[in-house]
Amino acid sequence: MQVPFANRGRLGRLVLGVWAPMIAIICAYQLGSHLLTLPVPEVNDPDVQRALAQTRHLDETGEWMLVHVLYTDCNCSVRVARYLVEEPRPEGLVEKLVLVGEDPELAAKAQAAGFELYQTDEAGLGTQWHMEAAPVLAVVDPANQVQYLGGYTDRKQGAAIRDLEILGDLQSTRPVAALPLFGCAVSQTLQRAVDPLGLR
């Protein structure tokens with residue numbers, strides 16, 4: 001059926017009136033994923049303190065320790081992982097990698113680079129490590145107290161990954177504010193909270 005010419009303008013305006021707000025909502029929704037920061041447990045959370053402290057071996061007593069929590073389905077985590085295995089690491093630094101999900105190639109590279117590897121799944125990150133998102137950096141001092149728990153960069157996909165800078169400040173007793181966590185929700189509860197429409 002042919003639409004009368006007089007009605008075509010009204011129909012076009014109606015379509016545009018529906019389409020434009022929908023596009024604006026979708027764009028804002030997608031942009032939000034680049035600006036949204038994710039929750040990190042408090043640095044003095046006893047469950048997290050205990051989980052991280054238990055990774056330390058007797059021969060690592062008295063050393064600073066970095067624990068990297070990365071998620072194989074998260075581009076931000078993969079970028080941090082690539083940096084960790086490809087860039088030289090300081091001598092004498094104890095480093096652990098908690099890898100959420102399956103990536104045999106990354107796991108092999110991390111172990112070859114000297115990282116002690118802990119593998120878990122999405123549920124295990126919550127039950128074993130008491131975290132919901134990644135990538136997370138934890139810095140544990142020689143007394144086995146967590147001194148830093150937060151992100152790696154100032155902004156989403158930030159150029160500078162600041163783990164060693166953060167460590168250096170802590171070792172020099174300079175105050176360190178936790179960087180925001182830009183990355184991916186891992187737990188199903190957090191995924192639903194940050195992506196209620198299931199578009200990402």
Side-chain angles (χ1 to χ4, degrees), residues 33-56 64-85 87 89 93-103 106-107 109-110 113 115-141 144-171 176-195 200:
S33 69
H34 294 280
L35 303 176
L36 183 69
T37 61
L38 297 167
V40 179
E42 293 294 327
V43 74
N44 58 358
D45 183 317
D47 291 326
V48 177
Q49 289 263 3
R50 187 162 41 251
L52 295 171
Q54 287 174 350
T55 67
R56 189 188 292 277
W64 284 86
M65 180 171 73
L66 268 58
V67 181
H68 308 274
V69 181
L70 306 179
Y71 183 30
T72 58
D73 287 344
C74 175
N75 288 336
C76 293
S77 287
V78 170
R79 178 170 171 264
V80 172
R82 189 176 303 119
Y83 152 79
L84 291 173
V85 300
E87 297 294 325
R89 305 300 294 172
L93 180 61
V94 176
E95 293 196 86
K96 321 279 182 164
L97 175 58
V98 178
L99 191 61
V100 184
E102 295 290 332
D103 188 333
L106 173 57
K109 286 182 177 180
F115 293 89
E116 183 176 359
L117 183 66
Y118 295 83
Q119 292 195 276
T120 188
D121 58 15
E122 288 82 352
L125 183 64
T127 58
Q128 298 170 353
W129 301 93
H130 307 281
M131 299 183 193
E132 294 187 277
V136 173
L137 169 66
V139 181
V140 186
D141 69 16
N144 232 13
Q145 295 298 304
V146 179
Q147 297 296 334
Y148 177 91
L149 202 58
Y152 287 83
T153 60
D154 295 302
R155 56 189 174 81
K156 184 87 169 182
Q157 299 289 348
I161 296 176
R162 296 177 53 191
D163 60 326
L164 298 181
E165 178 186 338
I166 291 165
L167 174 64
D169 286 342
L170 290 170
Q171 289 174 326
V176 175
L179 295 176
L181 173 53
F182 295 106
C184 301
V186 176
S187 74
Q188 291 186 357
T189 301
L190 187 57
Q191 286 176 358
R192 286 192 293 269
V194 301
D195 186 18
R200 293 192 289 269

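Since the model is a prediction, treat every value here as computed from it, not as a measurement.
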Does any non-hydrogen side-chain atom of [Y] lie less than 4.5 Å from one of [X]?
{"X": "Leu93", "Y": "Leu66", "result": "yes"}
{"X": "Leu170", "Y": "Trp64", "result": "yes"}
{"X": "Leu97", "Y": "Glu95", "result": "no"}
{"X": "Glu132", "Y": "Val186", "result": "no"}
{"X": "Arg162", "Y": "Asp154", "result": "yes"}
{"X": "Val140", "Y": "Gln147", "result": "no"}
{"X": "Glu122", "Y": "Tyr71", "result": "yes"}
{"X": "Val139", "Y": "Val146", "result": "no"}

Look up atom [atom1] in [X] and atom [atom2] in [Y], then write down how far apart they are to the nearest 0.5 Å.
{"X": "Phe182", "Y": "Leu38", "atom1": "CZ", "atom2": "CG", "value": "9.0 Å"}
{"X": "Ser77", "Y": "Asp103", "atom1": "OG", "atom2": "CG", "value": "11.5 Å"}
{"X": "Leu70", "Y": "Arg82", "atom1": "CG", "atom2": "CZ", "value": "11.5 Å"}
{"X": "Gln54", "Y": "Gln128", "atom1": "CD", "atom2": "CD", "value": "10.5 Å"}
{"X": "His130", "Y": "Glu42", "atom1": "NE2", "atom2": "CD", "value": "15.5 Å"}
{"X": "Gln171", "Y": "Asp141", "atom1": "CD", "atom2": "CG", "value": "10.5 Å"}

For residues [X] and [Y], report the shortest heavy-atom separation together with the two atoms involved.
{"X": "Pro180", "Y": "Thr37", "answer": "CB-CG2, 3.6 Å"}
{"X": "Val69", "Y": "Ala134", "answer": "O-CB, 3.7 Å"}
{"X": "Leu117", "Y": "Ala107", "answer": "CD2-CB, 3.5 Å"}
{"X": "Ala53", "Y": "Asn144", "answer": "CB-ND2, 3.3 Å"}
{"X": "Cys74", "Y": "Cys184", "answer": "SG-SG, 2.6 Å"}
{"X": "Ala178", "Y": "Gly150", "answer": "CB-CA, 4.5 Å"}

Sidechain-backbone polar pair: Thr72 side chain, Val100 backbone, donor-acceptor under 3.5 Å: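 Yes, the answer is positive, given that a donor and an acceptor are paired below the 3.5 Å cut-off.
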Is the backbone of His68 close enough, under 3.5 Å, to the side chain of Lys96 for a donor and an acceptor to pair up by distance?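 Here the side-chain-to-backbone pair does not exist.
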For Asp163, salt bridge (Lys or Arg N to Asp or Glu O under 4.0 Å) partners two or more places apart: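 Partners of Asp163 under the salt bridge (Lys or Arg N to Asp or Glu O under 4.0 Å) test: Arg89.
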Non-neighbouring partners of Pro41 that pass side-chain contact (heavy atoms from CB on, under 4.5 Å), sequence neighbours left out: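 Pro41 satisfies side-chain contact (heavy atoms from CB on, under 4.5 Å) with Asp45, Val48, Met131, Leu149 once adjacent residues are dropped.
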Who pairs with Tyr118 by ring-ring contact (aromatic ring centres under 6.0 Å, His included), at least two apart in sequence or on another chain?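 With neighbours one apart ignored, the set is Trp129.
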Taking CD in Glu165 as the centre, count heavy atoms belonging to other residues, nucleotides or ligands within less than 6.0 Å. Is the count above 12?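 More than 12 within 6.0 Å, yes.
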Using a cut-off of 6.0 Å, state whether more than 12 heavy atoms not belonging to Glu102 lie near its atom CD.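 No.
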After noting the C-alpha distance and the side-chain angles of Thr120 and Leu99, does the key distance pass the side-chain contact (heavy atoms from CB on, under 4.5 Å) rule? CA-CA 6 Å; Thr120 188; Leu99 191 61; over 6 Å; no
Result of checking Asp169, Leu167, Leu137 against Tyr148 for side chain to side chain contact (heavy atoms under 4.5 Å, CB included):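 Of the listed options, the one satisfying the test is Leu137.
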Verdict with reasoning, Leu84 to Val80, per side-chain contact (heavy atoms from CB on, under 4.5 Å): CA-CA 6 Å; Leu84 291 173; Val80 172; 4.0 Å; yes
